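In what follows, a single structure is set out as structure tokens and then discussed.
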Number of protein chains: 2
Amino acid sequence: MKIDPDQKADLSAQIAKAIRDAIIEGRMIVDERLPSEAELAEQFEVSRSTVREALKRLAAQSLIRTQRGAFGGAFVNRLSFEEAYGQQITTATLLLSMNAVSFDVACEARYALERACAPLSSERRTPDQLATMRAEIHRQSQPGLTDESFCASDVTFHRALVDGAGNPVLSFQLAGAVEAMQPLMNMITFTARSREAIVALHTRIADALEAQDAKAADTALLELERYTLELGRGVMKARKSAS
Amino acid sequence: MKIDPDQKADLSAQIAKAIRDAIIEGRMIVDERLPSEAELAEQFEVSRSTVREALKRLAAQSLIRTQRGAFGGAFVNRLSFEEAYGQQITTATLLLSMNAVSFDVACEARYALERACAPLSSERRTPDQLATMRAEIHRQSQPGLTDESFCASDVTFHRALVDGAGNPVLSFQLAGAVEAMQPLMNMITFTARSREAIVALHTRIADALEAQDAKAADTALLELERYTLELGRGVMKARKSAS
DNA sequence: AGACTTTTAATTGTCTGACATTTTGCGCGC
DNA sequence: GCGCGCAAAATGTCAGACAATTAAAAGTCT
């Protein structure tokens, strides 16, 4: 494991890259212990602080974890689906908030992906996941709910739909798409009437999944997309004319 | 911006979290300059090294960038689609390689997502993207190609398909799914006969997109999924019986 | 006055050495 | 055999120094 001395990048970035590559290429396996900071410093011929900065970079990407104490040190971390979800959501949220992505584009992406899950989900959804959907539909019907709670419940509902596909890779990919939409959705004020319409569509989706009717689920999702888009456009237009 | 003194996490992790939250919640805007390391050290009442470790964590997530020199410092970074792609791919690749995700599951996820793009792509694909697909198909027909080059070309082809949907959010989400499959695909030896079959299917897909025939594109993708799965299973079985 | 050069100040990057804290293993006394 | 404390190893934190880089300010020449 070597670093290029005539690179212009920071030493800590180069060292992080060298170790990261070793992990990605499988030269270091999960739970393997890295050399101690002092040993790494000697190997790379830099100070301990520089090594530490490199290790913090890797820790930020969940590539390693550290333990203090004797026989502690830095270990190659098994990236769990949980951690991957989290990173995915953070990245997607920031991407959307920082790049002026329009409601239309985000909405289209989200529903295109969700509809990809629908056939699998209608085949494999567990009773548990159906129960979650029903529970969230019930929560969404409560009159006193704030818009934020309504949106949070919406996210839970849709994640149950996605998880219903029984494919963890798919769930991972979609976690970002669904959750990253929440800040955009939170900007919408849901009137009693629009909530009613959404709950009705959610019910149709849940019914379709329960009946394992992929086509009906797809149709209902398509209508939900259309309706969400309409609501979003209404809000954007109102905001524009107000300013 | 405060940190909780009776947390058990590292100070540098706490400080990174405090700054990260400020960015995510919009309290710091893009291109805004953070206080200098010395000032941050004073604010949080820690040493400069600790602040630096925190900043490296944020830099690893592309949340900030740093410039040296007078009037340099750390600036809130606009997360570009490019950077987001990169992170997405790294995460997805690691997730697959570290969690013994089966070829079947990964394949299913990938094609489910790609098929979600097909209708949009058949509507919006540009001549440029069609040309890329045709060029890659041509490359894939070359007899001397290594398996790695064949797979790389395959990735380029499929990314053109995904980009054809003209939705950057969708492209971002799918970058991981498509690229992360490459290491798994690289393990497959493509015989001349299987390459021929894949090229034929790719041609059908490109034809369908050119003709803006969403249904035909979907069918061809479905067949490609079935065929890829078959190839993968063959390899896995051969490997199993060999060991 | 304007263009070029030098100085200077601010800031990050790196190094050194020290001490605090945490955790494990081992030996000792009981 | 069982607890107890101690030593060792490692990460976490701190303080201070110097190097490298960069942009603004000051100076200088034509």
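Here is how names work: the chains are called A, B, and so on, in the same order as the sequence lines, proteins then strands, and each is numbered from 1. All values below come from the heavy atoms of this structure, side chains included, with hydrogens, waters and symmetry mates left out. Only a predicted model underlies this, so the values are computations on that prediction, with no experimental measurement involved.
Between D163(B) and R125(B) there is no salt bridge, since no side-chain nitrogen of the basic residue lies less than 4.0 Å from a carboxylate oxygen of the acidic one. Under a 4.0 Å N-O distance rule, the pair R159(A)/E179(A) qualifies as a salt bridge. The existence of a salt bridge linking D104(B) and R110(B) is excluded, since no basic side-chain nitrogen approaches an acidic carboxylate oxygen closer than 4.0 Å. Between R124(B) and E108(A) a salt bridge is recorded (basic side-chain N to carboxylate O distance below 4.0 Å).
For the pair E42(A) CD and dA10(D) P, the computed distance is 12 Å after rounding to whole Å. Here dT22(D) presents its C1' atom at 14 Å from NZ of K8(A), a figure rounded to the nearest Å. Q14(A) places its CD atom 12 Å from the C1' atom of dG13(C), with the value rounded to the nearest Å. In this structure, L11(B) atom CG and dA15(D) atom C1' are separated by 16 Å, rounded to whole Å. Atoms CD (E37(B)) and P (dG16(D)) sit 17 Å apart, rounded to a whole Å. Rounded to an integer number of Å, the gap from CD of E39(A) to C1' of dA10(D) is 10 Å. In this entry the distance linking CD of E53(A) with P of dT11(D) reads 16 Å, nearest Å. A straight line from CD of E45(B) to P of dG12(D) spans 21 Å, rounded to a whole angstrom.
Within 3.5 Å, a donor on the side chain of R48(A) pairs with an acceptor on the base of dG12(D), or the reverse.
Judged by the 6.0 Å and 45° rule, R139(B) forms no cation-pi pair with F150(B).
Side-chain atoms of Q88(A) and E83(A) form no donor-acceptor pair, as typed in the model, at a separation below 3.5 Å.
Residue-to-nucleotide proximity on DNA chain C shows that, of S49(A) and S36(B), the 5′-proximal contact is made by S36(B).
The shortest distance between the side-chain N/O atoms of K56(A) and the OP1/OP2 oxygens of dG12(D) is below 4.0 Å.
Proximity of a side-chain donor or acceptor of N77(A) to a complementary backbone N or O of R65(A) within less than 3.5 Å is not detected.
Helical stems of DNA chain D (runs of at least 3 Watson-Crick or G-U pairs, donor-acceptor distances under 3.5 Å) are listed by first residue: C:1-30 with D:1-30.
Heavy atoms only, all atoms of each residue included: T91(B) and A84(A) are closest at CG2-CB, 4.0 Å.
For the side-chain contact (heavy atoms from CB on, under 4.5 Å) with L174(B), the lone residue among V169(B), V162(B), N167(B) that qualifies is V162(B).
Using a 4.0 Å heavy-atom cutoff across all strands shown, T50(B) reaches sugar-phosphate atoms only and no base atom.
Residues from residues 58-80 of chain A lying near DNA chain C, meaning a heavy-atom separation below 4.0 Å, are R68(A), G69(A), A70(A) in numerical order.
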